[in-house]
Amino acid sequence: MNHEFTYEVAATTIVFGAGRRHETAQWMARLGKSRAFVLSTPNQADDALGLADELGTKAAGCFTGAAMHTPVDVTQAALAKLRDLEADCIVSIGGGSTTGLGKAIAYRTGLAQIVLPTTYAGSEVTPILGQTENGLKTTLRDARILPNLVIYDPELTIDLPVAMTVLSALNALAHAMEGLYARDRNPISTLMALEAFRSFKRCLPGLVENSRDLSLRAEAQYGCWLDGTVLGSVGMALHHKICHTLGGRFDTPHAETHAIMLPYTTAYNEVAALELLAPLGEIFGGSPGAALYDFSAVLGALLSLKAIELTEADLDEAAALASENLLNSVSEKPAAGHSVQSN
Ligand code: NAD
């Protein structure tokens with residue numbers, strides 16, 4: 001136990017419970033807001049339009065064009081639509097892509113944000129924004145980026161397909177795993193990370209059997225909140241740098257890349273950080289990396305980069321790029337040591 005640490009907590013109000021999305025107007029009022037700009041991806045346009053309908057005069061308008069990795073041209077299109085609406089807050093309903101668009105708008109306008117997450121990406125509780133322009137992804141951290149309020153309504157995740165549920169959850173657990181050995185970790189981030197692992201261990205096998213079980217969905221959102229909070233509060237390291245490199249260089253899908261890499265990066269790091277990762281072995285049984293491999297296999301998760309069409313030659317290039325970037329990150333951010341900024 002480390003008795004010398006710094007604990008910084010950012011103020012986001014977290015609301016949990018089935019059906020609580022229907023309280024969105026009340027929570028807007030609690031924030032002193034009365035005109036929402038409602039966001040979604042094209043896939044979830046019905047959810048955004050339904051929510052706007054429910055908000056009635058409290059909905060200023062909708063933008064349903066959110067896209068993966070927050071392209072700046074999409075943000076500009078949303079800002080153009082926002083200009084004439086006199087909105088005073090953003091309501092994002094969706095996964096990390098929609099939350100990313102809300103954050104990008106809030107960063108540029110200072111508008112308050114309410115997020116209704118529908119995946120387990122965890123972006124809703126971090127002050128981190130990753131955005132892409134001209135094929136380049138940059139990541140920034142700013143207080144304006146952190147959403148003001150999050151409503152975790154498990155009913156919004158009931159239709160998340162099983163495969164996406166598993167990938168999204170393993171993606172979330174990668175934040176918790178790296179939180180365990182983050183140089184700026186503290187007793188609270190460790191406690192939250194381990195509870196996230198316990199939580200997903202309790203609910204994921206059952207969700208693979210019955211993805212519409214509401215109490216298991218609620219448990220998964222609890223785990224997701226814990227994972228996201230860890231991501232937002234301590235630095236990430238090797239696992240995130242490798243995934244960032246693979247995504248940036250080979251355009252591999254976000255959640256899949258994290259899910260596939262998780263057992264391997266855990267196994268690699270357990271040699272250097274055995275004491276810190278050992279609790280994972282206690283939760284899952286066995287050595288941490290092998291135990292996560294078995295857990296992923298039972299859930300039917302992808303277990304090889306070959307499954308997302310990478311070749312052995314790609315891996316050599318990725319390894320060289322990732323270690324080069326890692327060294328740069330260390331020199332750029334000395335206070336956080338090996339921690340790197342990544343989402
Ligand atoms: P996503 O938001 O891109 O969603 C993937 C697809 O699934 C979309 O078409 C979406 O509409 C659909 N979908 C979402 N929820 C659904 C549901 N309940 N039912 C049916 N379909 C649903 O995917 P994601 O993995 O949540 O987010 C990935 C993005 O989030 C990436 O751009 C990643 O970089 C970012 N991210 C950012 C942070 C951060 O802290 N900044 C953290 C994690 C992820």
Side-chain angles (χ1 to χ4, degrees), residues 10 12 21 39-51 63-72 74-75 92-104 106-107 113 115-132 137-142 144-147 150 152-176 178-179 207 211-212 214 217 220-221 224-225 227-236 239-240 243-248 251-259 340-343:
T12 297
R21 66 187 178 286
L39 308 177
S40 75
T41 62
N43 270 343
Q44 292 176 286
D46 286 350
D47 294 333
L49 297 173
L51 182 64
F63 180 86
T64 58
M68 184 82 87
H69 304 308
T70 326
V72 169
V74 172
T75 302
S92 306
I93 179 164
S97 296
T98 304
T99 305
L101 175 62
K103 288 173 157 185
Y107 178 63
Q113 302 171 70
V115 184
L116 287 80
T118 65
T119 69
Y120 307 125
S123 175
E124 62 279 357
V125 283
T126 81
I128 305 164
L129 167 65
Q131 48 186 1
T132 42
K137 184 162 181 172
T138 51
T139 304
L140 44 119
R141 182 184 275 262
D142 189 280
R144 278 168 295 179
I145 293 168
L146 182 73
V150 181
Y152 286 105
D153 182 339
E155 288 173 5
L156 289 173
T157 59
I158 216 92
D159 292 323
L160 191 66
V162 171
M164 267 184 76
T165 298
V166 169
L167 288 172
S168 192
L170 294 174
N171 174 191
L173 285 175
H175 312 325
E178 293 234 288
L207 280 175
S211 64
R212 300 186 68 79
L214 202 56
R217 284 291 184 190
Q221 281 193 318
C224 157
W225 166 61
D227 281 320
T229 305
V230 172
L231 171 67
S233 56
V234 300
M236 297 288 108
H239 169 94
H240 279 70
C243 293
H244 211 191
T245 303
L246 290 172
D251 201 22
T252 57
H254 178 84
E256 282 85 339
T257 310
H258 279 275
V340 294
Q341 188 68 75
S342 174
N343 67 344

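Atoms within a ligand are numbered from 1 in the order they appear, just like the ligands themselves.
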Checklist entry - Between T126 and ligand 1, which residue portion shows a heavy-atom distance shorter than 4.0 Å: side chain, backbone, both, or neither? => result side chain
Item to check | Side-chain heavy atoms of H254 within contact of S97, under 4.5 Å | outcome: no
Checklist entry - Between the candidates S97, P42, G247, A67, which shows the shortest non-hydrogen contact distance to atom 2 (O) of ligand 1? => result S97
Checklist entry - Can you check side chain to side chain contact (heavy atoms under 4.5 Å, CB included) on T75 and T70, steps first, answer last? => result CA-CA 7 Å; T75 302; T70 326; 4.0 Å; yes
Item to check | Location of contacts on T41 toward ligand 1, heavy atoms closer than 4.0 Å | outcome: side chain
Next on the checklist: So if I count the atoms of ligand 1 from 1 in the order they appear, which ones are less than 4.0 Å from some heavy atom of S123?
Outcome noted: 37 (C), 38 (C), 39 (C), 40 (O), 41 (N), 42 (C)
Item to check | ligand 1 contact on L156 by region, counting heavy-atom pairs under 4.0 Å | outcome: backbone
Next on the checklist: Below 3.5 Å, N or O to N or O, backbone or side chain included: is there any such pair between N171 and ligand 1?
Outcome noted: no
Checklist entry - Hey, looking at atom 24 (P) of ligand 1, which of S40, S168, G96 has the closest heavy atom? => result G96
Checklist entry - Stepwise, does the side chain to side chain contact (heavy atoms under 4.5 Å, CB included) test hold for T12 with W225? => result CA-CA 11 Å; T12 297; W225 166 61; over 6 Å; no
Checklist entry - Can you tell me how far the OH atom of Y152 sits from the OG1 atom of T157, to the nearest 0.5 Å? => result 11.5 Å
Checklist entry - Under 4.0 Å from any heavy atom of G95, which atoms of ligand 1 are there? => result 2 (O), 26 (O)
Checklist entry - Can you find an N or O of H175 that's nearer than 3.5 Å to an N or O of ligand 1? => result no
Checklist outcome for this item: One finds that the ligand 1 atoms under 4.0 Å from a non-hydrogen atom of M68 are 3 (O), 28 (C), 29 (C), 31 (C), 32 (O)
Next on the checklist: Can you tell me how far apart CG (L170) and OG1 (T257) are? Round to the nearest 0.5 Å.
Outcome noted: 12.5 Å
Checklist entry - Is T98 in polar range of ligand 1, meaning some N or O pair under 3.5 Å apart? => result no
Next on the checklist: Show me which atoms of ligand 1 lie under 4.0 Å from any heavy atom of K103.
Outcome noted: 39 (C), 40 (O), 41 (N)
Next on the checklist: Quick one, S211 and R217 - any side-chain contact, counting heavy atoms below 4.5 Å?
Outcome noted: yes
Item to check | Polar proximity ligand 1 side, Q44 side, N/O cut 3.5 Å exclusive | outcome: yes
Next on the checklist: Let me confirm one number: the CD-CD1 distance from Q131 to I145, rounded to the nearest 0.5 Å.
Outcome noted: 7.5 Å
Item to check | 4.5 Å side-chain heavy-atom contact, I93 and R21 | outcome: no
Next on the checklist: Rounded to the nearest 0.5 Å, what separates atom OG1 in T64 from atom CG in D46?
Outcome noted: 9.5 Å
Checklist entry - Does any N or O atom in I128 lie less than 3.5 angstrom from one in ligand 1, N or O only? => result yes
Checklist entry - Between K103 and T126, do the side chains contain an N or O donor and an N or O acceptor separated by less than 3.5 Å? => result yes
Checklist entry - By number and element, which atoms of ligand 1 are closer than 4.0 Å to a non-hydrogen atom of L231? => result 40 (O), 42 (C)
Item to check | From H258 atom NE2 to L246 atom CG, the distance as rounded to the nearest 0.5 Å | outcome: 9.5 Å
Next on the checklist: Applying a heavy-atom cut-off of 4.0 Å, say which part of H69 lies close to ligand 1: side chain, backbone, both or neither.
Outcome noted: both
Checklist entry - If you count the atoms of ligand 1 from 1 in the order shown, which ones are under 4.0 Å from a heavy atom of N43? => result 8 (C), 9 (O), 11 (O)
